[in-house]
2 protein chains.
Amino acid sequence: MHTKKQIVECIEKCRAHGLKVTPQRLLIYNELQTSNGHLSPEQLYNRVKEYQPNISLATVYKALDVFYSVRLVAKVTCLECTSAYYETNIEHHHHLICKLCQAIDDIYSDQLDILNIPESLIKEYQISGFSIQLEGICKKCQSTK
Amino acid sequence: MHTKKQIVECIEKCRAHGLKVTPQRLLIYNELQTSNGHLSPEQLYNRVKEYQPNISLATVYKALDVFYSVRLVAKVTCLECTSAYYETNIEHHHHLICKLCQAIDDIYSDQLDILNIPESLIKEYQISGFSIQLEGICKKCQSTK
DNA sequence: GTGATTGCAAATTATTTGCAATCTT
DNA sequence: AAGATTGCAAATAATTTGCAATCAC
């Protein structure tokens, strides 16, 4: 339970980047953080509407854009996804995309993090990061079959 | 230069999947293959229009969809891309996405292919594949700076 | 007070769909 | 001949933009 800590981080990071701390932004960030998953702008909009019915979908898009640009949130896409998804989890991690239902699961693995990137590639492209997408079947789909 | 071989493969794979071999599909496949890169439906449409001016963008979308469903082409997306990209290169490979210009480069590397996926994950998710996205700076952008 | 942000509506971009005419087999 | 595919136009979905009113600092 580190909700409060993350909200404080959100406020601080906004200030540090000259972004204003508005109730909408805090609500959006908090809701995304609480949901603990990957949400599309539309999904997130539907959730925050419960708390602030007059909030606009455009506001959600704009908030996610600025959050993403200052790395307060991470963005995920997948081949069959029609929209982008966001999460407040910005630690280095990987994704498993379910072949059957397209669900995205976060994967943490020190073993995967030790990726053996060839020196030649690192130099050639000035590699600064990487992420791995695994293809498999999520637990939900496994238990349904 | 294995253009012809690939076209034959296209014809055979279409037949094998009960897809009709139309001039549009061959043109689209051939152009994508010749371009030797990642093209969006729109980009590909602009290219094939040169040869068949009355071809429709919807036809390109439909052709890419069926090609993708029978694995005649691969699909690529990236976080900042507004559209999907396609390539006829369906061998297992990875992608480097340029931080600066968003260009996508194919990366072949036996060393990367030997990914050490934890046994526990493989079982848990019935992992059937993976791909790695590297973040770096493409050669063009390196030489421009 | 000043400039950033919001909410709304309209615009844009990417993709999909319905359907009659036309091809492939 | 039968069924799939094409081209077109319209529809849908995702995202962005312009702008006046409002809010944060």
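The basis for the numbers below is simple: all heavy atoms, side chains too, and nothing from hydrogens, waters or symmetry mates. Each chain gets a letter, A, B and so on, in the order the sequences are listed, and its residues count up from 1. The model shown is predicted, which means the values in this text are computed figures rather than measured ones.
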Practice problem: With rounding to the nearest 0.5 Å, note down the distance linking CD in Glu80(B) to OG1 in Thr77(A). | Solution: 9.5 Å
Quiz item: If each of Thr22(B) and Tyr61(B) is mapped to the nucleotide of DNA chain C with the nearest heavy atom, which maps nearer the 5' terminus, i.e. the 5' end?
Solution: Tyr61(B)
Quiz item: Looking at residues 9-21 of chain B, who's got a heavy atom less than 4.0 Å off DNA chain C?
Solution: Arg15(B), Lys20(B), Val21(B)
Exercise. Measure from CG on Leu26(B) to P on dT5(D) and round the result to the nearest Å.
Key: 13 Å
Practice problem: Please report the C-alpha distance between His93(B) and Asp113(B) in whole Å, then the side-chain angles of each, then the deciding distance to 0.1 Å, and finally whether the side chain to side chain donor-acceptor pair (under 3.5 Å) criterion is met. | Solution: CA-CA 8 Å; His93(B) 64 281; Asp113(B) 285 345; over 6 Å; no
Quiz item: Where each residue is assigned the nucleotide of DNA chain D containing its nearest heavy atom, which of Arg25(B) and Ala58(B) is assigned the position nearer the 5′ end?
Solution: Arg25(B)
Self-check item: Atom-pair distance (CG on Leu27(A); P on dA24(D)), nearest Å
Solution: 14 Å
Quiz prompt | Geometric cation-pi criterion, Arg25(B) with Tyr29(B): 6.0 Å, 45° | solution = no
Quiz item: Looking at residues at least two apart in the chain, or sitting in another chain, which of them share a salt bridge (charged side-chain N to carboxylate O under 4.0 Å, His left out) with Glu87(B)?
Solution: none
Self-check item: DNA chain C: 5'-most and 3'-most nucleotides touching chain B, 4.0 angstrom heavy-atom criterion
Solution: dA14(C) to dT25(C)
Anything under 3.5 Å between a donor and an acceptor, one on a side chain of residues 115-130 of chain A, the other on a protein residue two or more places apart or in another chain? List them.
from, atom 1, to, atom 2, distance (Å)
Asn116(A), OD1, Gln111(B), NE2, 3.1
Glu124(A), OE2, Lys139(B), NZ, 2.7
Tyr125(A), OH, Asp105(B), OD2, 3.0
Gln126(A), NE2, Gln142(B), OE1, 3.4
Ser128(A), OG, Lys99(B), NZ, 3.3
Ser128(A), OG, Glu135(B), O, 3.4
Ser128(A), OG, Glu135(B), OE2, 2.8

Self-check item: Gap between atoms CZ and P, on Phe67(B) and dT5(D) respectively (whole Å)
Solution: 10 Å
Exercise. In whole angstrom, give the distance that lies between atom CG of Asn54(A) and atom P of dT22(D).
Key: 12 Å
Exercise. Indicate, with a heavy-atom threshold strictly under 4.0 Å, whether Thr82(A) touches base, sugar-phosphate, or nothing.
Key: sugar-phosphate
Quiz item: Under the ring pair (Phe, Tyr, Trp, His ring centres under 6.0 Å) test, which residues partner Tyr86(A), sequence neighbours left out?
Solution: none
Practice problem: Under 4.0 Å between any heavy atoms, over every strand shown, what does Ala63(A) touch: base, sugar-phosphate, or nothing? Just pick one. | Solution: nothing
Exercise. Take the SG atom of Cys78(A), take the SG atom of Cys81(A), and say whether they are under 2.5 Å apart.
Key: yes
Quiz item: Rounded to whole angstrom units, what separation is found between the CG atom of Leu44(A) and the P atom of dA14(D)?
Solution: 15 Å
Self-check item: 5'-most by nearest nucleotide on DNA chain C - Lys62(A) or Glu42(B)
Solution: Lys62(A)
Quiz item: Does some side-chain heavy atom of Val8(A) sit less than 4.5 Å from a side-chain heavy atom of Glu12(A)?
Solution: yes
Quiz item: Which is true for Thr59(B) with a 4.0 Å heavy-atom rule: it touches a base, it touches only sugar-phosphate, or it touches nothing?
Solution: base
Self-check item: Results of side chain to side chain donor-acceptor pair (under 3.5 Å) for Gln133(B) - residues two or more places apart only
Solution: none
